[in-house]
Amino acid sequence: MTAQWQERVSLKPFNTFGIDVKARYFTQAHNDDDVRAALANAAQRHVAVLVIGGGSNLLLTHDIDALVLHMASRGRRVLSEQGDRVVVEAEAGEPWHAFVQWSLEQGLSGLENLSLIPGTVGAAPMQNVGAYGVEIKDVFAGLTALDRQTGELRDFGLEECAFGYRDSLFKREPGRWLILRVRFALDRTLRAHLDYGPVRQRLSEQGIEQPTAQAISDAICSIRREKLPDPLELGNAGSFFKNPVVSAALTEQIRARYPSVVAYPQANGQVKLAAGWLIEQAGWKGHREGDAGVHRLQSLVLVNYGQATGVQLHQLACKIQADILERFGVELEMEPNLY
Ligand code: FAD
Ligand code: NAP
């Protein structure tokens, strides 16, 4: 088994920032048996394990003194169908966007707003991936994970996952749960979510007033391709900071000085501020320090122009955090997982 481990492997192709650090050991898991064998071998050799999917939410700041276990399991299936409601399941290593497209080809809706998010199905519950007003918790039907402490399999329902805004139990207990497969309850009848960002506008520009799920997906893909840098061309991990949720009082203080502040009131009385707006106001948009920079169109996205290290990107992120705190009194939380 250990023969399948490679040594001193560059992780550059395995993280979308394109950071060139090395894994002490590297292997891939194509099924549950591979996962169990890798974990058992690692335990026997007292080697730590870092599980990765598409590497699109990682900031690697040093060589990884561990076995990097790349989830490469594949498989997606319809589990049950009752009236309009169809439960589907996909293995952790399935590429997320291909899975979304497959669900649309089955005539199912529910995932269309989550089109073109990079990464894998297995990582999606980690931060309850979300975009354009939909999060996976909205269509979640369960997942199976391996408890790395006990070696037992466990099925999780919605409540147990404790999903929050870009957050979950799995993110809060790092390294404990290895997600093997995820289930979603999708619909044969579309319930469109169009009131977020420019989705409705894009559809009406195309003359579409009653969109299908596929049309919504296509519109979102086209918006995302225009706004976001393609990691294959410019290294990045999507939004680098979460949108901060702050008190109404702090929002009013900021609004007094910056009347155009972008703010979304939440059900609990707090207010979500657009982190990208704060960073842009502070003058960071397009800023570059060596090969680490803030994207010229999307100030929420940090980019690697080529040879930036994880430490340089992290230092830039810390400077931005400190500046936003000083200017606006707002703490920005980093979104990618730092190693
Ligand atoms: P990785 O980066 O490989 O891993 C992320 C974390 O999950 C790590 O801590 C890893 O250890 C853990 N992990 C991975 N797989 C498993 C598993 N099977 N079991 C247990 N732990 C695991 N995110 C959004 O929410 N919405 C967006 O709209 C969005 N847009 C993006 C756009 C771009 C251009 C990019 C680069 C990123 C974007 N992201 C977005 C962030 C990212 O794509 C998602 O968070 C995605 O789910 C990460 O998946 P991954 O497979 O790449 O995870
Ligand atoms: P945008 O449309 O420019 O909007 C800026 C921010 O305002 C978004 O981050 C979004 O918050 C919030 N927002 C917009 N309309 C809203 C509404 N009607 N109600 C409440 N909040 C609203 O955003 P964008 O940067 O182009 O991204 C579009 C979507 O894709 C967003 O949902 C964003 O989260 C998602 N995305 C995520 C990542 C990532 O890496 N996490 C990367 C790219 C895009 P939310 O972020 O809370 O949705």
Side-chain angles (χ1 to χ4, degrees), residues 11 14-18 29 35 49-60 64 66 68-73 91-97 113-136 143-146 148 165-168 170-171 173-182 193-201 220 223-245 262-266 271-278 280 295 297-303 335-339:
L11 293 176
F14 296 101
N15 73 99
T16 59
F17 258 128
V35 168
V49 177
L50 171 62
V51 179
I52 63 165
S56 62
N57 212 11
L58 302 180
L59 180 61
L60 301 173
I64 304 295
V68 170
L69 178 59
H70 179 231
M71 293 303 292
S73 49
E91 298 299 314
E94 278 287 334
W96 175 261
H97 179 64
N113 287 38
L114 303 174
S115 297
L116 217 59
I117 297 179
T120 53
V121 167
M126 288 299 290
Q127 69 163 21
N128 177 29
V129 292
Y132 297 99
V134 174
E135 299 175 332
I136 63 155
L143 64 76
T144 303
L146 181 73
R148 288 174 53 187
Y165 174 61
R166 305 282 186 269
D167 195 25
S168 72
F170 313 106
K171 188 155 184 178
E173 293 187 355
R176 173 156 182 196
W177 301 103
L178 198 158
I179 297 168
L180 294 169
R181 53 194 70 86
V182 190
H193 299 272
L194 303 177
D195 296 324
Y196 211 88
V199 182
R200 193 187 295 279
Q201 188 194 330
I220 285 174
I223 296 166
R224 291 182 71 108
R225 285 196 181 100
E226 280 166 22
K227 285 187 84 169
L228 287 166
D230 179 350
L232 291 174
E233 288 161 17
L234 189 58
N236 74 90
S239 305
F240 201 89
F241 300 99
K242 295 183 189 180
N243 288 321
V245 179
V262 179
Y264 297 95
Q266 305 294 286
V271 181
K272 183 178 74 181
L273 302 178
W277 184 90
L278 296 171
E280 186 174 345
H295 191 247
L297 299 176
Q298 251 292 8
S299 42
L300 205 45
V301 177
L302 298 196
V303 294
E335 186 178 296
N337 300 274
L338 193 73
Y339 294 102

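Since we're looking at a predicted model, the values are computed, not measured. When a residue number appears, it is its place in the shown sequence, counting from 1. In each ligand, atom 1 is the first atom listed, and ligand 1 is the first ligand listed.
- Atom-to-atom distance recorded for Arg166:CZ and Asn57:CG is 9.5 Å, nearest 0.5 angstrom.
- Residues Trp96 and Thr120 form no side-chain contact, since every pair of their non-hydrogen atoms from C-beta on lies 4.5 Å or further apart.
- A 4.5 Å side-chain heavy-atom check between Arg176 and Arg148 finds every atom pair outside the cut-off.
- Only side-chain heavy atoms of Tyr165 come within less than 4.0 Å of ligand 2; its backbone N, CA, C and O stay farther off.
- Nearest non-hydrogen protein atom to atom 35 (C) of ligand 2 is Ala131 CB, 3.7 Å.
- Look at Lys272 and you'll find a heavy atom under 4.0 Å from some atom of ligand 2.
- The shortest contact between atom 43 (C) of ligand 2 and any protein heavy atom is with Leu228 CD1, 3.6 Å.
- Under the 3.5 Å distance criterion, the side-chain polar atoms of Asn243 are left unmatched by any main-chain donor or acceptor of Lys272.
- In terms of N/O distances under 3.5 Å, ligand 1 is approached by Ser56.
- Proximity to Arg224 (heavy-atom distance under 4.0 Å) selects the following atoms of ligand 1: 27 (C), 28 (O), 29 (C), 30 (N), 31 (C), 32 (C).
- The shortest contact between atom 37 (C) of ligand 2 and any protein heavy atom is with Ser239 OG, 3.7 Å.
- The structure places CG of Leu143 at 9.0 Å from CG of Leu180, a figure rounded to the nearest 0.5 Å.
- Residues Tyr165 and Asn128 are not in side-chain contact: their nearest non-hydrogen atoms beyond the backbone lie 4.5 Å or more apart.
- Remark: minimum distance from atom 25 (O) of ligand 2 to any protein heavy atom is reached at Gln298 NE2, 2.8 Å.
- Ala92 approaches Ser73 most closely through the heavy-atom pair N-OG, 3.6 Å.
- Between Phe240 and Ser299, every side-chain heavy-atom pair lies at or beyond the 4.5 Å cut-off.
- Taking only nitrogen or oxygen atoms, main chain and side chain alike, Ala237 does not reach within less than 3.5 Å of ligand 1.
- To the nearest 0.5 Å, the span separating CG on Leu300 from NZ on Lys242 amounts to 12.5 Å.
- Ligand 2 has an N or O atom lying under 3.5 Å from an N or O atom of Tyr132, backbone or side chain.
- Counting heavy atoms only, Gly130 comes closest to atom 27 (C) of ligand 1 of the residues Gly238, Gly130, Gly235.
- At a heavy-atom distance under 4.0 Å, no atom of Phe170 approaches ligand 1.
- The part of Tyr339 lying near ligand 1 is the side chain, judged by heavy-atom distances below 4.0 Å.
- Looking at Gln127 against ligand 1, only its side chain comes within 4.0 Å, counting heavy atoms.
- For atom 7 (O) of ligand 1, the nearest protein heavy atom (residue, atom name, distance) is Met126 CG, 3.3 Å.
- In this structure, the protein non-hydrogen atom closest to atom 50 (P) of ligand 1 is Gly54 N, 3.4 Å.
- At a heavy-atom cutoff of 4.0 Å, ligand 2 is contacted by the backbone of Asp195 but not by its side chain.
- Closest to atom 26 (O) of ligand 2, if we only count protein heavy atoms, is Lys227 NZ, 2.7 Å.
- Interface of Leu178 with ligand 1, defined as ligand atoms under 4.0 Å from a residue heavy atom, comprises 19 (N), 20 (C).
- In this structure, Asn243 is part of the shell of residues with a heavy atom less than 4.0 angstrom from ligand 2.
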side-chain contact (heavy atoms from CB on, under 4.5 Å) assessment of Leu278 paired with Phe241 | CA-CA 11 Å; Leu278 296 171; Phe241 300 99; over 6 Å; no
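- Scanning the protein for heavy atoms near atom 20 (C) of ligand 1, the closest one is Trp177 O, 3.2 Å.
- With hydrogens left out, the protein atom closest to atom 5 (C) of ligand 2 is Ala274 CB, 4.5 Å, a heavy atom.
- In this structure the side chain of Arg225 reaches within 4.5 angstrom of the side chain of Leu116, judged on heavy atoms.
- Less than 4.0 angstrom separates some heavy atom of Asn236 from each of these atoms of ligand 1: 34 (C), 36 (C).
- Considering only non-hydrogen protein atoms, atom 7 (O) of ligand 2 sits nearest to Tyr264 CE1, 3.3 Å.
- Among all non-hydrogen protein atoms, the one lying nearest atom 5 (C) of ligand 1 is Asn337 ND2, 3.6 Å.
- The ligand atoms of ligand 1 that sit less than 4.0 angstrom from a heavy atom of Gly119 are 49 (O), 50 (P), 51 (O), 52 (O).
- Among Leu58, Val129, Ile179, the residue whose heavy atom lies nearest to atom 47 (O) of ligand 1 is Val129.
- Close approach of ligand 1 to Ile52 (heavy-atom distance below 4.0 Å) involves ligand atoms 3 (O).
- Across all non-hydrogen atoms, the minimal contact from His193 to Asn113 is O-ND2, 2.9 Å.
- Taking a cut-off of under 4.0 Å to the non-hydrogen atoms of Ile117, the atoms of ligand 1 that pass are 26 (N), 27 (C), 28 (O), 29 (C), 40 (C), 43 (O).
- The aromatic rings of Tyr196 and Tyr264 sit parallel, their planes meeting at an angle under 30°, below the 60° perpendicular limit.
- Closest heavy-atom approach to atom 16 (C) of ligand 1 within the set Leu59, Val51, Thr16: this belongs to Val51.
- The CG atom of Leu50 sits 7.5 Å away from atom CG of Leu60, with the distance rounded to the nearest 0.5 Å.
- Remark: atom 30 (O) of ligand 2 lies closer than 4.0 Å to at least one protein heavy atom.
- For ligand 1 and Ala131, the ligand atoms under 4.0 Å from any heavy atom of the residue are 28 (O).
- The side-chain heavy atoms of Leu58 and Phe14, taken from C-beta on, include no pair separated by under 4.5 Å.
- Within ligand 1, counting atoms from 1 as listed, the ones closer than 4.0 Å to a heavy atom of Thr120 are 49 (O), 50 (P), 51 (O).
- When side chains are defined from C-beta on, Ser115 counts as touching His97, because their heavy atoms get closer than 4.5 Å.
- Here the protein heavy atom with the shortest distance to atom 2 (O) of ligand 1 is Asn57 N, 2.8 Å.
- Looking at Leu178 and Met71, their side chains come closer than 4.5 Å, going by heavy atoms from C-beta outward.
- Comparing Pro118, Ala123, Ser73, Gly122 against atom 14 (C) of ligand 1, the shortest heavy-atom distance belongs to Ala123.
- In terms of protein heavy-atom proximity, atom 10 (C) of ligand 2 is closest to Tyr196 OH, 3.4 Å.
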